[in-house]
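Below is one structure, written out as structure tokens; comments come after it.
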Amino acid sequence: GGKKKGAGKAGKKAASKVAAAVKPSGYVVSSSNIFNRIVLTGLTTVFAAFDEMVPVPERPGKGPALPSAHAKWSKVSSVVKSCCTSVLSLSKHLTDPSMLGFVLQRMMAILPYVACFPNLSRLYLKQMLELWTRAHESVRALAIFVIRRMALMFPYPFIDLVMKGVYITYARNCKFTTATSLPSIVFLQNSVVEIFKIDAHSSYQHAFVYIRQLAIHLRSALTKRTKETCAQVYCWQFVHSLRLWARVLAACVTREDMNSPNKDGSLAPLVHPLVQVILGTINLLPTARFVPLRFHCIRSCIILARATGVFIPLATPLFEIVTMSEMRKKPQPYTGKPINMDLILKVPKPVVHTRAFQDAAVHQMFELGLEYFSLYSYSISFPEVCILPIKTLRHYLKAVKVPKYTKTLRQLIDKVEENTTFIQGLRLSVPFSPKDQTKVTEWEQQIEGQSNSPLMKFRNAWVAVENSKRAAASAQEQRDAAAGKQPKSKQQQPQKKQQQQQSVFSFALETPQP
């Protein structure tokens with residue numbers, strides 16, 4: 001008991017030594033080696049002693065109860081709170097990733113004690129959110145693990161604070177997109193999706209509020225049509241939010257949920273509103289300069305459609321690009337780098353009339369067209385779904401006789417027609433009519449389970465090759481950016497001015513009501 005008490009005092013003083021505002025005490029830590037040993041000893045022994053003093057029994061099916069339920073809690077609560085506060089202070093001031101990682105790992109074990117103090121719990125959440133976005137990669141991963149554990153363990157409604165915190169933090173950290181920052185944004189997206197998968201009821205409340213706020217911003221832009229209102233929609237923050245909610249709904253809503261949308265706790269009722277917001281975003285300024293933004297929105301819809309099985313009419317917004325004058329006129333000379341539409345929302349005005357823009361647009365159109373058609377490659381209505389898009393592409397190939405584009409889009413047309421023949425051959429022998437939806441669904445599931453369609457086989461092979469190319473190109477862009485070779489995008493200039501405006505994304509300040 002005396003040794004553990006002494007270790008606790010020394011650990012507390014070691015943690016306090018890191019904070020600049022702490023007054024000098026009787027304990028002096030003279031070297032970093034001694035400091036690390038004290039921290040290790042304190043974190044491994046102090047809370048083990050608390051576990052012996054206030055043992056917490058397991059509750060069948062509910063996990064461990066909080067230590068505050070123990071009869072002796074009132075005798076040790078002040079000491080426990082002091083130690084928990086010291087650990088929090090330690091995590092704020094440590095800079096070594098390995099040491100900070102150790103502290104976060106040990107923090108997992110002390111969370112039941114932190115949960116007994118609501119105000120301290122909020123401070124812990126705030127610090128974990130900070131580490132989640134600012135720290136070393138290994139520390140960021142541990143931080144989101146701690147946040148997830150808090151959401152699972154802490155009493156309701158703490159999970160609402162977690163969901164609101166991770167989303168607002170995500171929105172604040174996706175205002176700009178570069179080759180260097182994109183992997184970080186994807187990591188944040190993955191983390192938010194995992195948090196929102198914990199509790200469907202709480203997820204619905206937050207998703208409803210934030211998707212509604214996106215719709216309000218879009219409605220304001222559609223009605224007022226001013227530069228400021230359109231800037232609130234046509235920005236990375238808005239586009240990344242659309243992608244996030246598409247991924248959240250794709251992770252939480254199944255095809256069975258779409259068949260029973262009124263099921264308690266289901267997020268299925270939010271799918272249609274989100275799709276409407278995404279399609280409305282595409283139609284806000286349907287010009288050639290915003291073709292990259294259009295591609296981002298279409299990709300979000302494809303993610304949602306693939307998971308939920310919902311039919312989303314994407315053929316028109318995708319293939320009407322070939323009807324734009326910029327895609328049919330003779331291109332102007334261009335000597336710059338190829339356009340990476342994954343990293344831009346708006347094409348610079350001098351570039352939109354160049355071959356580089358046409359090349360990038362045709363490549364993205366082929367990729368997304370392949371993804372879109374593959375969604376319904378097993379559908380009994382696949383031949384009818386493809387009639388108008390294929391007709392549009394044929395007209396474009398007749399008008400613009402560029403061998404490179406002809407070869408690319410002809411390949412897509414041929415594979416779609418091959419899949420059309422495949423489906424038509426299979427449905428000749430079906431004994432039911434199109435109105436028998438149950439048998440249609442069973443037939444489609446049977447065909448999907450028995451074999452890959454010609455289009456799906458081609459899509460899988462093409463995606464594997466494309467992913468390897470994209471990974472190599474992304475790695476090169478990150479090396480160039482780290483070496484200072486990548487010029488600052490002109491598109492980001494108005495966004496910096498926009499960042500200063502308090503009106504942008506005011507929805508992040510709202511709290512959903514249960």
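None of the values given here were measured: they were computed from a predicted structure.
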Flag side-chain contact, heavy atom, 4.5 Å: [X] against [Y]:
{"X": "Leu131", "Y": "Met128", "answer": "yes"}
{"X": "Ile339", "Y": "Met341", "answer": "yes"}
{"X": "Met150", "Y": "Leu111", "answer": "yes"}
{"X": "Leu222", "Y": "Leu284", "answer": "yes"}
{"X": "Trp236", "Y": "His296", "answer": "yes"}
{"X": "Leu345", "Y": "Phe290", "answer": "no"}
{"X": "Met107", "Y": "Phe145", "answer": "no"}
{"X": "Met456", "Y": "Tyr378", "answer": "yes"}

Counting N and O atoms only, with roles assigned by atom type, does the side chain of [X] sit under 3.5 Å from a partner on the main chain of [Y], one being a donor and the other an acceptor?
{"X": "Ser377", "Y": "Ser374", "value": "yes"}
{"X": "Ser181", "Y": "Thr178", "value": "yes"}
{"X": "Tyr234", "Y": "Lys346", "value": "no"}
{"X": "Asp257", "Y": "Val253", "value": "no"}
{"X": "Arg459", "Y": "Leu370", "value": "no"}
{"X": "Arg294", "Y": "Leu318", "value": "no"}
{"X": "Thr308", "Y": "Leu304", "value": "yes"}

Can [X] and [Y] be counted as having a side-chain donor-acceptor contact under 3.5 angstrom?
{"X": "His363", "Y": "Glu466", "result": "yes"}
{"X": "Gln189", "Y": "Arg247", "result": "yes"}
{"X": "Thr133", "Y": "Arg172", "result": "no"}
{"X": "Ser191", "Y": "Trp132", "result": "yes"}
{"X": "Gln364", "Y": "Arg299", "result": "yes"}
{"X": "Thr177", "Y": "His240", "result": "yes"}
{"X": "Ser74", "Y": "Ser77", "result": "no"}

Between Arg306 and Glu371, is the closest basic N to carboxylate O distance under 4.0 Å?
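Yes.
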Taking only Lys NZ, Arg NE, NH1 and NH2, and the carboxylate oxygens of Asp or Glu, determine whether Lys197 and Glu194 approach each other closer than 4.0 Å.
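A salt bridge links Lys197 with Glu194.
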For the CZ atom on Arg289, are there more than 12 heavy atoms of other groups (residues, nucleotides or ligands in this structure) within a distance under 6.0 Å?
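Correct, the count exceeds 12.
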Are more than 12 heavy atoms, taken from residues, nucleotides or ligands other than Met99, located less than 6.0 Å from that residue's CE atom?
yes
Could you tell me which non-hydrogen atom of [X] sits nearest to which non-hydrogen atom of [Y], and how far apart they are?
{"X": "Cys84", "Y": "Leu120", "result": "CB-CD2, 3.6 Å"}
{"X": "Ile312", "Y": "Cys301", "result": "CD1-O, 3.5 Å"}
{"X": "Arg243", "Y": "Ser300", "result": "NE-OG, 2.8 Å"}
{"X": "Tyr167", "Y": "Ser241", "result": "OH-OG, 3.3 Å"}
{"X": "Ala171", "Y": "Lys175", "result": "O-CG, 4.1 Å"}
{"X": "Ala250", "Y": "Ala307", "result": "O-CB, 3.4 Å"}

So how far is it from [X] [atom1] to [Y] [atom2], rounded to the nearest 0.5 Å?
{"X": "Leu90", "Y": "Phe102", "atom1": "CG", "atom2": "CZ", "result": "10.0 Å"}
{"X": "Cys297", "Y": "Leu279", "atom1": "SG", "atom2": "CG", "result": "8.5 Å"}
{"X": "Phe196", "Y": "Cys252", "atom1": "CZ", "atom2": "SG", "result": "9.0 Å"}
{"X": "Met258", "Y": "Leu249", "atom1": "CE", "atom2": "CG", "result": "9.0 Å"}
{"X": "Leu218", "Y": "Thr229", "atom1": "CG", "atom2": "OG1", "result": "10.0 Å"}
{"X": "Gln237", "Y": "Cys174", "atom1": "CD", "atom2": "SG", "result": "5.5 Å"}

Quick one: do Leu161 and Phe154 satisfy side chain to side chain contact (heavy atoms under 4.5 Å, CB included)? Show the steps, please.
CA-CA 11 Å; Leu161 296 178; Phe154 286 24; over 6 Å; no
Begin with the C-alpha distance, continue with both residues' side-chain angles, and end with the deciding distance and a verdict on ring-ring contact (aromatic ring centres under 6.0 Å, His included) for His206 and Trp245.
CA-CA 11 Å; His206 290 266; Trp245 291 119; 8.7 Å; no
Output, in order, the C-alpha distance, side-chain angles, deciding distance and verdict of side chain to side chain contact (heavy atoms under 4.5 Å, CB included) for Val291 and Val347.
CA-CA 8 Å; Val291 162; Val347 180; 5.5 Å; no
Tell me which pairs pass side-chain hydrogen bond (donor to acceptor under 3.5 Å, both in side chains) where either residue lies in residues 98-112, with sequence neighbours left out.
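Qualifying pairs: Asp96-Ser98.
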Tell me the side-chain hydrogen bond (donor to acceptor under 3.5 Å, both in side chains) pairs involving residues 109-129, sequence neighbours left out?
Asp51-Tyr113
After noting the C-alpha distance and the side-chain angles of Cys116 and Val80, does the key distance pass the side chain to side chain contact (heavy atoms under 4.5 Å, CB included) rule?
CA-CA 10 Å; Cys116 300; Val80 171; over 6 Å; no
Before you tell me yes or no, could you show the steps for Asn173 and Ile185 under side chain to side chain contact (heavy atoms under 4.5 Å, CB included), namely the whole-Å CA-CA distance, both residues' side-chain angles and the distance that decides it to 0.1 Å?
CA-CA 8 Å; Asn173 285 272; Ile185 294 174; over 6 Å; no
What do you reckon, are the aromatic ring centroids of Phe311 and Tyr376 less than 6.0 Å apart?
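They qualify: ring centres under 6.0 Å apart.
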Taking the ring centre of each residue, are Trp462 and Phe366 less than 6.0 Å apart?
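Distance test on ring centres: under 6.0 Å, yes.
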